[in-house]
Amino acid sequence: MSEPDTPEAEGASPDREDFVREIVKADVASGAVRNVVTRFPPEPNGYLHVGHATSIVLNFGIARQFDGQCNLRMDDTNPAKEEVEYEESIVTDVKWLIAGWADHCLGLKPRGAVSASAAGDYHMPAALDGAEGLEPFRASDYFEALHAYAVRLIGKGVAYVCDHTADEVDRMRGAPGEKGEESHWRYRPVAENLDLFARMTAGEFPDGARTLRARIDMASDNVWLRDPLLYRIRHAEHHNTGASWCVYPLYDFAHGLSDYIEGITHSICTMEFVPHRALYDWILAALDLPRRLPHQYEFARRNVTHTVVSKRKLLRLVNEDRVSGWDDPRMPTISGMRRRGYPAAALRDFATRIGVGKRENRAEFGLLEHCVRENLNHSSLRRMAVLRPIKVVLENYPEGQVEHFALANNPEDAGAGTREVPFSRELWIESEDFQEVPPPKFYRLHPGNEVRLRGAYLVRCTGVTRDPATGAVVEVRATYDPETRSGNAPDGRKVKATIHWVSAAHAVEAEVRLYDTLFSAEDPEDLPDGGDFTGTLNPASLEIVRNCRLEPALGDARPGQALQFERVGYFVADDRESRAVSLVFNRTVTLKDAWARIEKKQGR
RNA sequence: UGGGGCGUGGCCAAGCGGUAAGGCACGAGACUUUGGAUCUCGCAUUCGGAGGUUCGAAUCCUCCCGCCCCAGCCA
């Protein structure tokens, strides 16, 4: 089959074929669907996380591939759990994730609620691109429409007001495998239902006193078809509609109709909603709607090792101060990953690589890191930073002399230019780059050995200076070869290692935060009986290193700018914590470390 | 014990009756002024299991096994 799809803005992740795309493609080919419209409908009761990211990439990716659109919608039908703070973070995160990739597919709407057409249809298509004052769609902007649809259902005799208590309803629904019991009010006359529903809406009854239910089949094998609840009474203010309502629709009633109102063609959700599909279809079919009906398709939620994505658990981490907040760089939230320095394109690449399927899955965290490294290798500025400094004195380098070396900002990208790095007699090097007694295969600095100082000279270690009291090495002594300026020896001799350095006199100090996975366990939720997931929290997930010595160019690092501290890892200045007095850098991800593997093999 | 979904290498995942893609991880080597990057090579005689249909089965049929979801007035 020919592939009309165009090459990607980011060559690494072409839109992949998956079962959802196959369905969409077939619908377009058959003419069943003309304009593809998907939607991303989070409930604003928490911050978006990696799982949402994969859903965003799927939904916007499809919109993008088929020249359609993807509506951002707040699924805000529960006034008790939702907040504007979350809504704002969701908009920010979605825009950030799709920026430069699918912005043109983002479906938004003008302010305000839907209203009915003359024919009584409720339709709210996305606003034209570039229109003023757009905002996300909101299920709460359909409350009026939803209510009208509920009244129609009552009028058709397929919905009724039920007076049973919550406990009774639960009990009468019956367990899977047995039949349910019909409500005493199941055959209430239409007029009485209409009156009661109006009075529920008017606030005559307390919370929980009555509900509106669909009359479907109490004997169904599918428990979601056993007269599901459509509306409940909640005397609560809603963050969008204020005190206008005291009855609120439930998910199953609101969702399919919201899809219909927006003209969604493919409503993609996760596997746990498979049993709900029959209800989704029932509601839409029962209303005799004039326009094409949306359809629901389900895929398996994507999981990642060493983390959790349940909102309840993420909320606990925040509330119990296990992390500094929703955007703690260790959090699997989009805002956390952004703050940690993960590029949006890397997240999209990750989502594309793990694919879309119906199987349970848990992608390795290492794959996410791979995607981040691959992106950053091409985009980050190289800098030198010594995290745990030890001083090296070049015995034969003139005191007071300063040279400047022009080092490439990115060897992978000649266009990135160079910057000047000062060099002098006293330097800081990484303490782990010096070993007084070198282990096997250790090519870096040790007495008698010669190494290259990146972009500068070859130096040979001549010895150490010790603290007379403790005997500890306080300083490494070395000589440099003036003939090796810029790193090559005229006699052609080779060194096996290149190490990074910072001129002591010119160094900038900073604090660096090293992150590891938040949880030690691959699956933090796979617990021995009765255990709590916080028990698998990684005690070493954050290490703060102070008094790091950085090359001067890092003194004015711009927050958000991707950096590679050569030989150490990728970093980003923290826009929240950095102050003039002490810069703070977050480690995005380490560089791959072949030496660590050798050490491991050597059993150390 | 009802209904539904799913089982392809360590992880993810193509495959849609014609003889097991790809990525990550891992291993070996080359190259290297980042022990980074890059490059090369290796890595499932077999697709949860057992039968059957077929010239031919991961793909079709039957039975079995395993895992997950569903009894919120949450989404």
Using a 4.0 Å heavy-atom cut-off across all strands, classify [X] as base, sugar-phosphate, or nothing.
X: A/Phe565; result: nothing
X: A/Phe273; result: base
X: A/Val356; result: sugar-phosphate
X: A/Asn45; result: nothing
X: A/Arg302; result: sugar-phosphate
X: A/Gln564; result: base
X: A/Lys311; result: nothing
X: A/His276; result: base
X: A/Pro411; result: base
X: A/Ala363; result: sugar-phosphate
X: A/Glu22; result: base
X: A/Lys179; result: nothing
X: A/Glu566; result: base
X: A/Leu229; result: base

Under 3.5 Å on both distances, the Watson-Crick or G-U partner of [N]:
N: B/C47; answer: none
N: B/U19; answer: none
N: B/C73; answer: none
N: B/C26; answer: B/G42
N: B/A37; answer: none
N: B/G7; answer: B/C65

Less than 3.5 Å between a donor and an acceptor, one on the side chain of A/Glu412 and one on the base of B/G36, is that the case here? yes

Any donor-acceptor pair under 3.5 Å joining the side chain of A/Glu82 to the base of B/C74?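 No.
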
Looking at [N], I'd like to know if its phosphate oxygens (OP1 or OP2) sit under 4.0 Å from a side-chain N or O belonging to [X].
X: A/Arg359; N: B/C47; result: no
X: A/Lys496; N: B/C31; result: no
X: A/Arg226; N: B/C70; result: no
X: A/Arg173; N: B/C70; result: no

Take atom CZ of A/Arg232 and atom C1' of B/C74, then tell me their distance rounded to the nearest Å.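 Whole-Å distance recorded here is 7 Å.
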
For the residue pair [X] and [Y], confirm or rule out a side-chain donor-acceptor distance under 3.5 Å.
X: A/Glu369; Y: A/Tyr342; result: no
X: A/Tyr280; Y: A/Asp259; result: yes
X: A/Asn303; Y: A/Arg301; result: yes
X: A/Asn449; Y: A/Tyr443; result: no

Could you check whether [Y] and [X] have their ring centres less than 6.0 Å apart?
X: A/His370; Y: A/Phe350; result: no
X: A/Phe519; Y: A/Phe365; result: no
X: A/Phe585; Y: A/Phe571; result: no

From CD (A/Glu430) to CZ (A/Arg444), nearest 0.5 Å: 9.0 Å

CG (A/Asn59) and CD1 (A/Ile56) are apart, to the nearest 0.5 Å, by 9.0 Å

Where the side chain of [X] is defined as all heavy atoms beyond and including C-beta, which of [options] is the nearest nucleotide?
X: A/Lys358; options: B/G35, B/C70, B/G5; result: B/G5
X: A/Arg567; options: B/G35, B/G72, B/G36; result: B/G35
X: A/Arg234; options: B/C73, B/C70, B/G36; result: B/C73
X: A/Ala594; options: B/C70, B/G36, B/C74; result: B/G36
X: A/Thr498; options: B/U34, B/A13, B/C73; result: B/U34
X: A/Ile598; options: B/G35, B/A37, B/A75; result: B/G35
X: A/Thr77; options: B/G35, B/A75, B/U34; result: B/A75

Position toward the 5' end of RNA chain B (nearest nucleotide), A/Gly357 or A/Glu360: A/Gly357

Quick check: on RNA chain B, is the nucleotide nearest A/Pro176 upstream (toward 5') of the one nearest A/Asp593, or the reverse? Name the residue that is more 5'.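 Nearest-nucleotide comparison on RNA chain B picks A/Pro176.
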
[N] versus [M] - spacing of their [atom1] atoms, nearest Å:
N: B/G4; M: B/A71; atom1: C1'; answer: 14 Å
N: B/C43; M: B/G3; atom1: C1'; answer: 42 Å
N: B/G36; M: B/C31; atom1: P; answer: 14 Å
N: B/A21; M: B/A14; atom1: C1'; answer: 6 Å
N: B/C55; M: B/U1; atom1: P; answer: 40 Å
N: B/G48; M: B/G66; atom1: P; answer: 16 Å
N: B/U32; M: B/A37; atom1: C1'; answer: 9 Å
N: B/G23; M: B/U19; atom1: C1'; answer: 24 Å

A/Glu364: salt bridge (charged side-chain N to carboxylate O under 4.0 Å, His left out) partners, not counting sequence neighbours: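 Checked A/Glu364 against salt bridge (charged side-chain N to carboxylate O under 4.0 Å, His left out); zero matches.
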
Can you give me the N/O atom pairs linking the protein to nucleotides 22-26 of chain B at distances under 3.5 Å, or say none if there are none?
{"from": "B/G23", "atom 1": "O2'", "to": "A/Arg353", "atom 2": "NH1", "distance (Å)": "2.7"}

Near RNA chain B, which residues from residues 208-223 of chain A have a heavy atom under 4.0 Å away?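 Hits under 4.0 Å, by residue number: A/Gly208, A/Thr211, A/Asp221, A/Val223.
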
Heavy-atom side-chain contact between A/Arg210 and A/Arg232 under 4.5 Å: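 The answer is no; the side chains never approach within 4.5 Å.
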
Applying the ring pair (Phe, Tyr, Trp, His ring centres under 6.0 Å) criterion to A/Tyr231, which one of A/Phe253, A/Phe143, A/Trp245 satisfies it?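 Among A/Phe253, A/Phe143, A/Trp245, the one that satisfies the ring pair (Phe, Tyr, Trp, His ring centres under 6.0 Å) with A/Tyr231 is A/Phe253.
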
Matching residue for A/Glu298 among A/Lys358, A/Arg277, A/His276 - test: side-chain hydrogen bond (donor to acceptor under 3.5 Å, both in side chains):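 Between A/Glu298 and the candidates, side-chain hydrogen bond (donor to acceptor under 3.5 Å, both in side chains) is satisfied uniquely by A/Arg277.
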
Run through A/Arg567, A/Arg454, A/Arg452 and flag the one making a salt bridge (charged side-chain N to carboxylate O under 4.0 Å, His left out) with A/Asp433.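 It is A/Arg567, the one option of A/Arg567, A/Arg454, A/Arg452 that forms the salt bridge (charged side-chain N to carboxylate O under 4.0 Å, His left out) with A/Asp433.
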
Is B/G5 syn or anti, taking syn as a glycosidic angle within 90° of 0? anti

